[in-house]
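Reminder, nothing fancy here: chain letters follow the sequence lines and each chain counts from 1.
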Amino acid sequence: MKPAEIPGLPPGVDDQLAGEGIEELYPPQAEAVEAGLTDGESLVASVPTASGKTLIAELAMLSAVQRGGKALYIVPLRALASEKKTEFERWEDHGISVGVSTGNYESSGEWLASRDIIVATSEKVDSLVRNNAGWIDQLSCVVADEVHLVDDRNRGPTLEVTLAKLRQINPGLQVVALSATVGNADEVADWLDAELVHSEWRPIDLRMGVHFGNAINFDDGSQREVPVEGSQRQTEALVGDTLDEGGSTLVFVNSRRNAESAAKRQGGVVERRLDSDEKADLQDLAEEIRGVSDTETSDDLADCIENGAAFHHAGLASEHRSLVEDAFRDRLLKVICATPTLAAGVNTPSRRVIVRDWRRYDGEFGGMKPLDVLEIHQMCGRAGRPGLDPYGEAVLLSKDADTMDELFERYIWADPEAVRSKLAAEPALRTHLLATISSGFANSREGLLEFLEATLYATQTGDDGRLESVTDSVLAYLEANDFIEREDGTIRATNIGHTVSRLYLDPMSAAEIVDGLQYAEQNRGEEAATSEGQRERPAADEEAEPEGFVSASELQTDAEDGSESETEPVDDSQPPARPTPLGLYHLVSRTPDMYDLYLKSGDRETYTELCYEHEAEFLGRVPSEYEDVAFEEWLSALKTAKLLDDWASEVDEDRITERYGVGPGDIRGKVETAEWLLGAAEQLAGTLELSSRVAVREAKKRIEYGVREELIDLAGVRNVGRKRARRLFEAGIESRADLREADKGVVLGALRGRQKTAETILENVGREDPSLEDVEAVETETAAVARGGSGEPESDNGTDDGQSSLGDF
DNA sequence: CCGTGTATTCTCTAGACAGCATGTC
DNA sequence: CTAGAGAATACACGG
């Protein structure tokens, strides 16, 4: 089928497709069109990666728009949202407008309503549905990318429920589900009342094989000699071999550490095959990488990159990741050693893919668990770049013949697993049932069950006994926590329940936060008065803490936080037990919405000690060290809280990464999550009219800017971050008002003589005459002290360590 | 005493969505 | 009942 033969497209689209070199649709694409794709027919396309799924989606969306409709493209990752947006924007010449909506990047509501195609993550779509975004009911076509992710324990149910809701809101909705090849695409199609296009067809050949001894044994029976010489490892031999053929390699391993050390080793293999131009370019790239973050991870990555190799995992800052991905796509980097981040992420095809590790540690499993066939296939699917490589090769590694046989059996010949709904689990239903009630989709137990009938779970299991019983226990939980009210079989969300749903919080997180804040409100010593669903209530007797303990801790807190009374004179009337930042950070860190940090050896003791030291600050009862299994979790939340506290105390990034054994990307992630949760906590405190609201807001601001209390005002100015704010403060400029009045020379001096920057900042703070022409920088080392001693004596060159007085270890 | 090569023990484990209102160095 | 790579440490050896 040729582009011109596709019915229903906007005029000119066929020409553009032809202009892009598409003369003939790929077989699965043609099959999709024949199944009515461009006539609004729903469709499940279960096809291999890189076999033209995106075009299927585009044809559906373009034809939907042509019919006067509006299309939504649901992606699993934020990074993919921008990738897809860029891709779709090439249709703008044909009058198609594109918008994106994700948690961190949002085009405003009304503006979105005017777009023809909207790209969003499934969570964002869910959130938009919960908040009744006006344009949702105008949708005529929804594309769900990587729909096999409904199988995911954590995020799958969201996609599943969201699709069900969109279909309920808009009965005529065309649903186009794109999936990797899975075992039961027919069931998915059944669920969505869609046509099924199932195909194994790929535009370029993929050869899979196992390397063992001195050769790769391919699935077609052929062999390729790749000897492992001397002290070389299999991976190195294979990378060298690919490179000699002019190809690059993607190596998948099972841990971050393995990725880093493998990349380091590959550097030796790659380096001697580089020419001087490449080396120069790599040098530049390495410098850019170093500039992203001043951490060991960043340095290590830059070192590897100088040799033409790189590692890639979630500990990297996102700038790191995209620099690496781009350079690999540009053929500058020859090898990437990656954890599974890359298998599911943005498009980074490669001539050869090596799956070095096929097992990964899993605590629940109790050892190394073999990866799913689907996951291995996703990795292998990255092999072969359409239009560039003659074919792609995916190679698994084995050390002995038995393993080789097992790998063939288990992965190469095997069909991928079936996709199974994970909806009937309490965490998933907790959140989605509340949202379903809150946004008016159902107002009774029966209504809920009826709604759940429209999910994949119901399609897959004949027996809904399980769904019913989980629903009942979840409803009991929601009622016990006052998120819903039941009256004669009618269920409705309470005020607080609506808030929780709107904030997109897991109800259990919300309950934890509410309990914690109320605990603080009771001014210690008294029982927090909420009911607590399934969690255990602390007995009323453990609250008699020694008076001295509390005040000692408060003194310490003051010492740490610095000049509280100077910057906050208004709030003096607050209750004595005002929550401390650490207490609040711990509160949000122990909610299920915050991912736990791993406790390393030695951490147990360290944090147990820290726990007792700060006992009075926690917003809730500390579990018993000896009797309670929750103690371990409490400690790992404390570790996270302490990381956040360091961040909000201006501890350097590299110091934090070192202290907690994390990467720069992890810090960003934690900070982002904490920001969100503290924002939610602030609103909950507002809804409940709790006095802790101010403290929460402040703690949130400190996390947001990464600064101590006294810099909050300054750091709020555009272009002023934690570093610049600290420098200004040290020069005696302590607030925006100061900045508007201060001597220009002092400002310039504090900003290290950067005239342009300083002018922009002055402009942003609203200074009348921001110009700095002919102004000379003035050094002011003692200015802070000169201004009446409000600057703290030693806490502060801000950038170095030594400032987190307590619990520094 | 020191550097180097090797055996042995110890350590540690993938990923990443969301509110709201605007902008780091 | 179920791991295994990498890093650190201990040890052996030659000079």
If you check the A/S127 side chain, which of B/dC17, B/dG19, B/dT24 turns out closest? B/dG19

Taking the C1' atom in each of B/dA14 and C/dA5, what is the distance between them to the nearest angstrom? 16 Å

So, under a plain 3.5 Å distance rule, would you say the side chain of A/Y595 forms a donor-acceptor pair with the base of B/dG15? yes

Go through the side-chain N and O atoms of A/T339 and A/H312 and say whether any donor and acceptor fall under 3.5 Å apart. no

Polar pair under 3.5 Å, donor/acceptor by atom type, side chain A/R359, base C/dA3: no

Is the phosphate of C/dG6, meaning OP1 or OP2, less than 4.0 Å from a side-chain N or O of A/R356? yes

Write out a two-atom table: protein N or O, nucleotide N or O from nucleotides 8-12 of chain B, distance below 3.5 Å.
residue	atom	partner	partner atom	Å
B/dC12	OP2	A/S601	N	3.1
B/dC12	OP2	A/S601	OG	2.9

Beyond-backbone contact of A/T235 with A/V253, side-chain heavy atoms, under 4.5 angstrom: no

Among C/dA5, C/dA3, B/dC17, the nucleotide that comes nearest once only the side chain of A/L77 is considered: B/dC17

Check this for me: A/D294, atom CG, are more than 12 non-hydrogen atoms of other residues, nucleotides or ligands nearer than 6.0 Å? no

The side chain of A/M368 lies closest to which of these nucleotides: C/dG6, B/dA14, C/dA3? C/dA3

So what's the dot-bracket for DNA chain C: Watson-Crick or G-U pairs under 3.5 Å, [ ] if a pair crosses, | if it pairs off-strand? ..|||||||||||||

Where the side chain of A/N154 is defined as all heavy atoms beyond and including C-beta, which of C/dA3, B/dG15, C/dG6 is the nearest nucleotide? B/dG15

Sequence neighbours left out, what passes salt bridge (charged side-chain N to carboxylate O under 4.0 Å, His left out) with A/R356? Give chain and number order. none

pair_partner(B/dA18), Watson-Crick or wobble, both distances < 3.5 Å, evaluates to none

From NE2 of A/H313 over to C1' of B/dA16, roughly how many Å is that when rounded to an integer? 15 Å

Where each residue is assigned the nucleotide of DNA chain B containing its nearest heavy atom, which of A/E675 and A/G315 is assigned the position nearer the 5′ end? A/G315

Between C/dA3 and B/dC17, how far apart are the two C1' atoms, rounded to whole Å? 31 Å

So A/R130, base contact, sugar-phosphate only, or nothing? Heavy-atom distance under 4.0 Å. nothing

